[in-house]
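A quick write-up on the structure given underneath.
So that the names make sense, note that chain A is the first sequence line, chain B the second, and so on, each numbered from 1.
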Number of protein chains: 2
Amino acid sequence: MTELRRKPSTLKQVAASAGVSTATVSRVISGNGIVSKKLLKRVQNAIDTLDYHPNQAARRLRHMSTKIVGVAISDIQNPFFSTLVEGIESVLQENRYLLLLGNSNENMERERQHLNTFLSERVSGVIFNSTGDDIAYYEKFRLAGVPLVAVDRKPNKLDVDLIQLANEKAAFDAVNHFFMEGHRRIGLIAGPSTVSTGSERCAGYQRALQASGLPIDQELIQTGDFRLTGGYQAMRSLLDLPEPPSAVLVSNNLMTLGALQMIHERGLSIPDQISLIGFDDMPWAASLRPPLTVIAQPVYEMGIAAAHLVLDRIKEPEGPIRQITFETKLIVRASCRCAKLFYPKVTKDEQNL
Amino acid sequence: MTELRRKPSTLKQVAASAGVSTATVSRVISGNGIVSKKLLKRVQNAIDTLDYHPNQAARRLRHMSTKIVGVAISDIQNPFFSTLVEGIESVLQENRYLLLLGNSNENMERERQHLNTFLSERVSGVIFNSTGDDIAYYEKFRLAGVPLVAVDRKPNKLDVDLIQLANEKAAFDAVNHFFMEGHRRIGLIAGPSTVSTGSERCAGYQRALQASGLPIDQELIQTGDFRLTGGYQAMRSLLDLPEPPSAVLVSNNLMTLGALQMIHERGLSIPDQISLIGFDDMPWAASLRPPLTVIAQPVYEMGIAAAHLVLDRIKEPEGPIRQITFETKLIVRASCRCAKLFYPKVTKDEQNL
DNA sequence: ATGAAAGCGCTAACAT
DNA sequence: ATGTTAGCGCTTTCAT
């Protein structure tokens, strides 16, 4: 109980205990070089009895390669990012890389500090979702030759490897789905136009309207901040319009939650009084009532791809920039008018919902 | 573009550039020791022009203290854990500690590998949510004198610092709330009895029944695995009973989602046909229809407390074991009968929901 | 096949 | 107040 902290055993101790040189032990551990069966066994015994675990700090100092990937994201609480991290981590662990997580919570100051940490830790690569602003800082990594991979959001001026979504097309398709159902007055809860996901989704929405010969009504486009309250307020603005939309596309998951709260507060029924499609298929989307029609993103796969991209780039620093775009899938549930086609089973109680 | 990876500059280079000794530079960086204004300035200049960032691996090798905390959790995708991590991280960053994340996705093999990594990285402390099984492995850290802090789940045999919830009381209160509303046949979707959160919540449920003189009906207690499908299946078992419960307490957030899906599939209305209370107040709880009554846990605060506990213990290894229990709060929304008291504003369309 | 030894970048004890 | 230097634990030539 009142035990002193026992220092971890060192390679030197293992060598002494096995009666061999430190070089031999090192060869056994790394698997490089040839060691006779006899010594191999003796060394392995010593490792086990001493419960030896190689000191990573010392190894890194020697070979100047850390096998650490820094992941800088803006909000780990958003399921989108936690799934992304999950995907990244699975690949990194397979490849015996360490994941250093920097969660900035949308705070520039914290993000900076994380990037400094990455620099100090000499990370082998960085995966990040840029706020779009702080590009100068990321430039440091490029200068230092540290591979950078952007996910989800496309940085403004920085040419880097990129994993992104076919945002424009996804929004275009969703709006067309609304058309198919007979909607003509369609609202958009947009994200900040400064980030690519925000502007591209808005562009897709606009193109769909134009393609159908409908005018673009600016008051039908309400911008939120990608957070819950943003969606809440934007939906209020839409509902307060003299002629509110009959269908609304929401640009991300958190804003969808906010929009739903507002709709419930007003006592409006979905989809009869208002139809809804949201970006991101979250675990809760199917548990809502009615279950939510969503644009599903292959988030986990995007994480995996990002990790592969950064590992490839670490192995092969040269070579053309790679930008991978993932397609989305519209998962039709019951929050738009075709609800009845897909969910015919409703009880009497629900008929007039 | 086709630029070679420039090696980061070293303290030695800074010293040379500033025309001082390495010791002086070291003193400037660490803030220990006294340096004249003149040299201070020269050193700082050199640091800026060379864009010097201290090599952490080297520092660690010297000090023998890594300032890394390993965080081993079972499922980063669960909002409970991502919020927890968020809380932990904010404290660690403030104290200039690194957070090494090990997400096992409930996979023992991966968890082991993470723990080995923690050992190799010589982490200063570990925060973990035990599956209850792999105690022997955690024992290694205790032997090595590495502080351990358990969160959420109380390990079986291991005496460690602990952050937990007043689970028993929370369940007790929730069931009493059901009583107050007139329910007499109350179901429980329980978690695995092998983990403390599962067994304690079940105990609270049972005590509440006994306190009211009601019999404990085993078929009203259905056990799930704390995942979505577990809740889905458990709720089905409850609804398939000859005499189903009129109210159900669900032992965690993911199972609540599953339970909701089953309820919707059966076309039952909440709260009139069935009332529901779930553990964990998640962002989506208020966006459900009806908004969900939940037992809210101060998750973020638990993360903060866990981080403080581990940092304290690193500073002061001796001293009695500390186990901090957080209280819950019942947030009454509209998924239980008193709904009408709290949410009087319903439109005509909703009257018979 | 094995060992001896230099040195990665940094800190701190000691010397001045 | 500043500099000199040994050494943290490991890998990797270079000898043998």
Side-chain angles (χ1 to χ4, degrees), chain A residues 5-44 46-47 50-68 96 117 119-124 144, chain B residues 5-44 46-47 50-68 96 117 119-124 144:
Chain A
R5 166 148 194 168
R6 211 190 46 192
K7 273 200 195 167
S9 38
T10 68
L11 182 144
K12 208 169 161 185
Q13 290 169 358
V14 173
S17 157
V20 300
S21 74
T22 57
T24 301
V25 179
S26 178
R27 286 183 188 114
V28 170
I29 290 161
S30 64
N32 303 331
I34 300 147
V35 182
S36 70
K37 283 226 152 68
K38 200 182 64 179
L39 287 199
L40 182 76
K41 194 150 198 176
R42 263 165 49 198
V43 170
Q44 249 148 7
I47 288 177
L50 291 179
D51 193 26
Y52 171 70
H53 294 258
N55 182 322
Q56 288 299 343
R59 299 185 97 166
R60 290 205 182 97
L61 185 55
R62 260 314 301 232
H63 42 307
M64 304 303 304
S65 139
T66 57
K67 299 195 101 184
I68 301 178
R96 319 225 128 220
T117 303
L119 250 13
S120 258
E121 296 291 341
R122 307 284 190 266
V123 294
S124 308
Chain B
R5 167 148 193 168
R6 209 190 48 193
K7 271 201 194 167
S9 38
T10 69
L11 183 145
K12 210 168 159 186
Q13 289 168 358
V14 173
S17 156
V20 299
S21 74
T22 58
T24 301
V25 178
S26 178
R27 287 193 263 261
V28 170
I29 290 160
S30 65
N32 303 331
I34 301 148
V35 182
S36 70
K37 283 226 151 70
K38 199 182 65 178
L39 289 198
L40 182 76
K41 195 149 197 176
R42 262 163 50 195
V43 170
Q44 249 149 7
I47 288 178
L50 292 178
D51 194 26
Y52 170 71
H53 294 260
N55 182 323
Q56 288 298 343
R59 300 184 98 167
R60 290 207 181 96
L61 186 56
R62 259 314 301 230
H63 288 111
M64 305 301 303
S65 139
T66 57
K67 301 195 100 185
I68 300 178
R96 319 228 128 216
T117 303
L119 251 13
S120 257
E121 296 291 341
R122 307 283 190 266
V123 294
S124 307

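Distance CZ (A:R59) to P (D:dC10): 8 Å, rounded to an integer number of Å. The distance between atom CZ of A:R42 and atom P of C:dG3, rounded to the nearest whole Å, is 8 Å. Whole-Å rounding puts the B:I47 CD1 to C:dC10 P distance at 10 Å. In this structure, B:H53 atom NE2 and C:dG9 atom P are separated by 16 Å, rounded to whole Å. Regarding B:L39, its CG atom lies at a distance of 6 Å from the P atom of D:dG3, rounded to whole Å. Atom NZ of B:K12 is separated from atom P of D:dA6 by 14 Å (rounded to the nearest Å). Whole-Å rounding puts the B:N55 CG to D:dC8 P distance at 18 Å.
At a threshold of 4.5 Å between non-hydrogen side-chain atoms, the residues B:M64 and B:R122 do not count as touching. Side-chain contact between B:Q56 and B:R59 is present, with heavy atoms from C-beta onward closer than 4.5 Å.
With B:V20 as reference, B:L39 is the one residue of B:L40, B:V35, B:V14, B:L39 to meet the side-chain contact (heavy atoms from CB on, under 4.5 Å) rule.
Heavy atoms of A:I29 sit nowhere under 4.0 angstrom from any nucleic acid atom. Within the 4.0 angstrom heavy-atom criterion, base atoms lie near B:R27. Residue-level contact check: A:T22 touches the bases, meaning some heavy atom is under 4.0 Å from a base atom. At a threshold of 4.0 angstrom between heavy atoms, the contacts of A:S26 include nucleobase atoms, whether or not backbone atoms are also involved.
Side-chain atoms of A:M64 lie closest to C:dG9 of the nucleotides D:dG9, D:dT2, C:dG9. For B:T24, counting side-chain heavy atoms from C-beta on, the closest listed nucleotide (C:dG9, D:dT5, D:dT2) is D:dT2. For A:I34, the listed nucleotide lying nearest its side chain is C:dA1; candidates were C:dC10, D:dT5, C:dA1. Comparing D:dC8, C:dA12, D:dC10 by their nearest atom to the side chain of B:N32 picks out C:dA12. Closest to the side chain of A:R62, from the set C:dA6, C:dA1, C:dA5, is C:dA6. For A:L11, the listed nucleotide lying nearest its side chain is D:dC10; candidates were D:dC10, C:dG3, D:dG3. With distances taken from any side-chain atom of A:S36 to the nucleotides C:dG3, C:dA12, C:dT2, the minimum falls on C:dT2.
Place A:L61 and B:K38 on DNA chain D by their nearest nucleotides, and B:K38 ends up nearer the 5' end.
Phosphate proximity of C:dC10 to B:R60: absent, as no side-chain N or O sits under 4.0 Å from OP1 or OP2.
Side chain of B:S17 to backbone of B:Q13: no donor-acceptor contact under 3.5 angstrom is found.
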Exercise for review: Quick one: do A:L11 and A:I29 satisfy side chain to side chain contact (heavy atoms under 4.5 Å, CB included)? Show the steps, please.
Suggested key: CA-CA 10 Å; A:L11 182 144; A:I29 290 161; 3.9 Å; yes
